[in-house]
Enquirer: 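Let me begin by handing over the structure; questions about it come next.
Residue numbers start from 1 in every chain, and the chains themselves are labelled A, B, ... in the order their sequence lines are given, proteins ahead of strands.
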Protein chains: 2
Amino acid sequence: MAYRKTPAEISRLEAARERLIGCATEVVADVGWSQASVNAVADAAGIAAGSVYQHFPSKAALAVEVFRRAAGREVEVLGEVLGGAGDPVERLSRGVDVFARRALENRGLAYALLAAPAEPAVGAERLDFRRRYRALFAEVVREGVAAGQLPPQNAEITAAALTGAIGEVLVDPLAAADENATQQLLADLTAAALRCAGAPTA
Amino acid sequence: MAYRKTPAEISRLEAARERLIGCATEVVADVGWSQASVNAVADAAGIAAGSVYQHFPSKAALAVEVFRRAAGREVEVLGEVLGGAGDPVERLSRGVDVFARRALENRGLAYALLAAPAEPAVGAERLDFRRRYRALFAEVVREGVAAGQLPPQNAEITAAALTGAIGEVLVDPLAAADENATQQLLADLTAAALRCAGAPTA
DNA sequence: TGAAGCTCTGAACCATGGTTCACTTCTTTC
DNA sequence: GAAAGAAGTGAACCATGGTTCAGAGCTTCA
């Protein structure tokens, strides 16, 4: 044996893989899944198309990884806010705000995660993550009901309405560009969400 | 001139075109846009693939026509209910019920219209129709606010939440198969919708 | 430095599925 | 019935874009 991967070499490969995922994420956020060809992604990462296949067995596998990383971050952040400090209604309010704010800050990515046309493998992953978003919202709604802050209700449906509303706001260039309009939009959205869960209006 | 289309021939062609659209709609409802190849659709209609191009210049044009017909029917029905008799809150309640009920009755088609992966031309059409659904809901919410039945709110966002909630319920096999569960689901969904718009709970 | 084995390249390859077209079949008119 | 012309056929064509692979260039180790 005249060659063995040295630790440095291993971490270099690992870094290349991470870089590829990062660049692919940017491309997807920019132009959507359908336009993110292997060549486009490889170009963005500064490698040849063939080299992609050293890190992933197929384009679909790369796409799924990109999706999981990005969606995983959102689930994590949302989970921390919804499961954090404060009473259930406060947490719900902050959760909606954080979810929507992050989405508006990176619309391209949010659109890719929530709604953009994608290959079946990504579609399946998306269903799974939407279920997770819903489960997180549903849990805090249930806590609110248990604490007597919210009226009895089907928490799953309320949760669906919340993700649905946020999704709709993003799909379409509904939110204006300037800061004031964005603030207003977030306030209106949060108000609708609280009403939807049955929280007394402020 | 030894040949001229006779009226009977013209209506036969028209009928063939309608039949093609109908069969294509069924195929799409059954297997989704991505699996609805020209061959599959032509087979379903009992004609050759090439014959499709006598009625439509491209597959995309056929797909758009299929979408418009089906989505147009839904918009029309929803519009009639929301713009019909009764006070705004009653109409909103019935509108949500009708929209969701029709969707649950033909899930495949509803999924195709609201969420299934589709080619860009259909995606653009979908955005347009989602805007129409929202506009219809928003109008009745505005009327409710004007009538003092609903609190002041951003009607567009409430409308987005309504379509979003219904969409979420459909995307996922959330609704159970039996009749009782469906009734309960519709009741819960309507309740969430009314809360979302700020109507006093029953 | 040389041998061995790996990474990287990018042009060729190939699968998929929409589209075309030479040909057949049917309809109309004389 | 025959000519003219449209509708209908389906196999061949072609564009797109994911995947492969033979060779070039590196890295490791003796």
Side-chain angles (χ1 to χ4, degrees), chain A residues 1-21 23-24 27-28 31-67 116-123, chain B residues 1-21 23-24 27-28 31-67 116-123:
Chain A
M1 53 153 183
Y3 182 93
R4 254 181 75 165
K5 274 184 196 164
T6 193
E9 189 67 2
I10 288 173
S11 70
R12 195 185 60 78
L13 283 175
E14 180 62 18
R17 186 186 143 101
E18 291 301 312
R19 175 177 168 67
L20 174 57
I21 295 170
C23 291
V27 172
V28 166
V31 301
W33 300 102
S34 58
Q35 301 292 313
S37 66
V38 171
N39 272 292
V41 167
D43 280 0
I47 62 177
S51 300
V52 168
Y53 292 83
Q54 243 151 18
H55 302 289
F56 295 94
S58 69
K59 185 198 157 141
L62 168 58
V64 165
E65 184 66 22
V66 164
F67 187 94
E119 59 214 294
V122 170
Chain B
M1 54 162 177
Y3 182 94
R4 255 182 73 166
K5 273 183 196 164
T6 195
E9 188 67 1
I10 289 174
S11 72
R12 196 184 59 77
L13 282 174
E14 180 62 19
R17 186 186 142 100
E18 291 301 312
R19 176 177 168 67
L20 174 56
I21 295 170
C23 291
V27 172
V28 167
V31 301
W33 302 101
S34 58
Q35 301 291 312
S37 65
V38 171
N39 272 291
V41 167
D43 281 0
I47 62 176
S51 300
V52 168
Y53 292 83
Q54 244 151 17
H55 301 288
F56 295 94
S58 68
K59 183 197 159 146
L62 168 57
V64 164
E65 184 65 22
V66 164
F67 187 95
E119 59 215 293
V122 170

Enquirer: Can you tell me the distance, in whole Å, between the NE2 atom of A:His55 and the C1' atom of C:dC6?
Expert: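 Atom-to-atom, A:His55 to C:dC6, this comes out as 13 Å.
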Enquirer: List the atom of B:Ala118, the atom of A:Pro117, and the distance in Å for their closest heavy-atom pair.
Expert: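 Smallest interatomic distance, heavy atoms only, reads O-CB, 4.2 Å.
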Enquirer: Just how far, in rounded Å, is P of D:dA7 from CG of B:Leu20?
Expert: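 Roughly 15 Å, once rounded to whole Å.
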Enquirer: Under 3.5 Å, sequence neighbours excluded: what are the donor-acceptor pairs made by side chains of residues 36-45 of chain A?
Expert:
{"from": "A:Ser37", "atom 1": "OG", "to": "A:Ala40", "atom 2": "N", "distance (Å)": "3.1"}

Enquirer: Enter the inter-axis angle for the ends of the helix from C:dT1-D:dA30 to C:dC30-D:dG1 (five pairs per end, rounded to 10°).
Expert: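 So the angle between the two local helix axes works out to 0°.
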Enquirer: Rounded to whole Å, how long is the line connecting atom CG of A:Leu13 with atom C1' of D:dT28?
Expert: 14 Å
Enquirer: Considering only nitrogen or oxygen atoms on both sides, find all protein atoms under 3.5 Å from nucleotides 12-17 of chain D and state each distance.
Expert:
none

Enquirer: Would you mind writing out the side-chain donor-acceptor pairs for residues 50-58 of chain B within the sub-3.5 Å range, not counting sequence neighbours?
Expert:
{"from": "B:Ser58", "atom 1": "OG", "to": "B:Ala60", "atom 2": "N", "distance (Å)": "3.4"}
{"from": "B:Ser58", "atom 1": "OG", "to": "B:Ala61", "atom 2": "N", "distance (Å)": "3.2"}

Enquirer: Please name all residues satisfying salt bridge (charged side-chain N to carboxylate O under 4.0 Å, His left out) with A:Glu18, sequence neighbours left out, ordered by chain then number.
Expert: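 Testing A:Glu18 for salt bridge (charged side-chain N to carboxylate O under 4.0 Å, His left out), a comparison that skips the adjacent residues, returns A:Arg69.
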Enquirer: Roughly how far, to the nearest 0.5 Å, is CD1 of B:Ile21 from CG of B:Leu62?
Expert: 7.0 Å
Enquirer: Return the value, rounded to whole Å, for the distance between atom CH2 of A:Trp33 and atom P of D:dG18.
Expert: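 Computing the A:Trp33:CH2 to D:dG18:P distance gives 13 Å.
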Enquirer: Between B:Arg12 and D:dG8, is there a contact of a side-chain N or O with OP1 or OP2 at under 4.0 Å?
Expert: yes
Enquirer: Can you measure B:Ile10 atom CD1 to C:dC26 atom C1' for me and round it to whole angstrom units?
Expert: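 Rounded to whole Å, this separation is 16 Å.
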Enquirer: I'd like a table of atom pairs between the protein and nucleotides 20-24 of chain D - only N or O on both sides, under 3.5 Å - with the distance next to each one.
Expert:
none

Enquirer: Atom CD1 of A:Ile47 to atom P of C:dG10: distance rounded to whole Å?
Expert: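 So the CD1-P distance, A:Ile47 to C:dG10, works out to 11 Å.
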Enquirer: Is any side-chain nitrogen or oxygen of B:Gln54 closer than 4.0 Å to OP1 or OP2 of D:dA6?
Expert: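 The answer is no; no side-chain N or O of B:Gln54 sits under 4.0 Å from OP1 or OP2.
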Enquirer: Can you check the A:Leu62 CG to D:dT19 C1' distance for me, whole Å?
Expert: 14 Å
Enquirer: Once side-chain hydrogen bond (donor to acceptor under 3.5 Å, both in side chains) is applied, do any residues pair with B:Glu119, and if so which ones, sequence neighbours excluded?
Expert: none
Enquirer: For A:Arg19, what residues pass the salt bridge (charged side-chain N to carboxylate O under 4.0 Å, His left out) criterion, not counting sequence neighbours?
Expert: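 Listed in chain order: nothing, the list is empty.
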Enquirer: Considering residues at least two apart in sequence or located in another chain, which fulfil the salt bridge (charged side-chain N to carboxylate O under 4.0 Å, His left out) criterion with B:Arg17?
Expert: none
